[in-house]
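Read the structure below first, then the notes.
What you are looking at is a predicted structure, and each value in this text was computed from that prediction instead of being measured. Numbered from 1 within each chain, the chains take letters A, B, ... in sequence-line order. FYI, side chains are in, hydrogens and waters are out, and symmetry mates aren't considered; it's all heavy atoms of this structure.
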There are 2 protein chains.
Amino acid sequence: MRKGEETRTRILDVAEAAVLQKGFGGTSIEELIAETGITKSGFFYHFKDKNELAKALLNRYIENDERIYDEIFGRARDLMDDPLQSFLLGLKLLSELLSDLPNGHPGCLVATVCYYERLFDREIQETNRNAVLAWRRRFGRMLREIMEVYPPREPVDVDRLADMVSSVLEGGIVLSKTLKEPNTLAEQVLMLRTFVRMLFLPVADPPVAAVRQGQAFGAAGNGQL
Amino acid sequence: MRKGEETRTRILDVAEAAVLQKGFGGTSIEELIAETGITKSGFFYHFKDKNELAKALLNRYIENDERIYDEIFGRARDLMDDPLQSFLLGLKLLSELLSDLPNGHPGCLVATVCYYERLFDREIQETNRNAVLAWRRRFGRMLREIMEVYPPREPVDVDRLADMVSSVLEGGIVLSKTLKEPNTLAEQVLMLRTFVRMLFLPVADPPVAAVRQGQAFGAAGNGQL
DNA sequence: TTCGAAACTGTACCGCCGGTACAGGAGGGG
DNA sequence: CCCCTCCTGTACCGGCGGTACAGTTTCGAA
């Protein structure tokens, strides 16, 4: 049980790195066994086929992902009593964690699975869907707490706002990877943070120039004047 | 020349749909020739290998993508003279276009390439990178115009804000596809629109309740009081 | 009308890869 | 000592990407 787990973990480690770089279809079992130093039979002893490898990979990834969010936003919660301040701190901590990744974010397995969709069975697709729904619930929960205290400046649907967090993260990863700019992801998280702060917090700092050549818009009264 | 282009286009059409569902690695040439009703020799007459197919696919996708943005934001520009209002209308039109897609957004090839990275040559990676940079320039250009007229409520870097548009689109696609909720993408675009409006527009409508049990934050003065 | 290029088809073949089958062996705990 | 876990080794299959190359159709220009 001990030794087996260790080998299994080693395979998963190698597989995860490879899949995030080349996708599932682009990752061959042969290359995995070559890198882990195991035989083909050994590999199929642990995973009966590629689909089961994907399943294990995705489940482990999601668990780890959840753990990280628990830690970050849990820590933020400990440091800040106010739900908004705690959420903003959490986003800050998250962006710091992301910008500390030496080679940038390696990629999100949820996105990989999403773009490989049709070749997996229903179970994997359902797991992936549930992972995204878990994000929605997680961020939704925090945002609801915030909204109990801070009325949003604009009317927003809390689930869509929660999804925005996931969107910016997933999109930021794609941008960061494609541009080969590791810091872009962290910056996108900070941009999102600005959005959240602006949405819930009364005007942050008094603007230097109060009036500008604004065109005439129907309702807009300027609270800063 | 005529006939050849037509067949080539048919192959690309079939390939694009397949690749967006299963990734490059998950799409076999054999299945493409089966669906297009061409022979293997015929396929390799048009594309010397899979890499060249990918190149053609990506270039065509990017051109089409640029064309759509040109149309949408061009039309918005014709209808609205004010850069902010025109941008906001553009986002609205974009979200309408996205929610009109019958089966939801099929996926973004740029993201697919990004998650298949290592198996393509430098040229494709560079093409992909340039596509994202073009988005940055496009949205950056519009945002700069806006900022010349409207001072942002919070200090923001224009390129990071431009990237936010791409992030939300890419992330929204991943969410939409994974959740099998076609409308999520359109809603994310509207959420982004709210952000942009809030960032540049003076308070939209006077809040009902002006004061709330806000904790003490350093600098925050409330302009609405 | 002929010629030639473009746009294919047909056939045969290679090596890699995913996956199966199965036999056997090391090593450790009861 | 035995049995279970955790593998190794060998052999094999069919699908797939890719190559090679010969032959055929189509169709517009000379």
Just to verify, which of A/D163, A/D157, A/D159 counts as forming a salt bridge (charged side-chain N to carboxylate O under 4.0 Å, His left out) with A/R136?
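It is A/D163; the other options fail the test.
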
Tell me: [atom1] of [X] to [atom2] of [N], nearest whole Å?
X	N	atom1	atom2	result
A/E31	C/dG19	CD	C1'	17 Å
A/R8	D/dC7	CZ	P	12 Å
B/F47	D/dG17	CZ	C1'	16 Å
A/K50	C/dT20	NZ	P	13 Å
A/I33	C/dG19	CD1	P	12 Å
B/E30	D/dG15	CD	P	9 Å
B/E6	C/dA7	CD	P	11 Å
A/E5	D/dC4	CD	P	19 Å

Could you check, using the six-membered ring where one of them is a Trp, whether A/F139 and A/Y69 have ring centers closer than 6.0 angstrom?
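Yes, ring centres under 6.0 Å apart.
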
Kindly state whether the ring of B/F24 and the ring of B/F120 have centres lying under 6.0 angstrom apart.
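Yes.
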
Heavy atoms from other residues, nucleotides or ligands near CD of B/E35 exceed 12 (cutoff 6.0 Å)
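At most 12 heavy atoms, drawn from other residues, nucleotides or ligands, come within 6.0 Å of this atom.
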
Crowded around A/K92 NZ? As in, over 12 foreign heavy atoms under 6.0 Å?
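Count not over threshold, so no.
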
Quick one, B/S167 with A/Q188, criterion side-chain hydrogen bond (donor to acceptor under 3.5 Å, both in side chains). Give me CA distance, side-chain angles, the key distance, then yes/no.
CA-CA 8 Å; B/S167 282; A/Q188 287 301 295; 3.1 Å; yes

Could you go through nucleotides 9-14 of chain C and list every protein N or O atom that sits under 3.5 Å from one of its N or O atoms, giving the distance for each pair?
residue, atom, partner, partner atom, Å
C/dT9, OP2, B/T39, N, 3.0
C/dT9, OP2, B/T39, OG1, 2.4
C/dG10, N7, B/S41, OG, 3.0
C/dG10, O6, B/S41, OG, 2.5

Give a yes/no on whether any side-chain N or O of A/H46 is located under 4.0 angstrom from OP1 or OP2 of D/dC7.
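Answer yes for this pair, as a side-chain N or O of A/H46 is under 4.0 Å from OP1 or OP2.
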
According to a strict under-4.0 Å criterion, is B/T7 in side-chain N/O contact with OP1 or OP2 of C/dC8?
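Yes, such a contact exists.
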
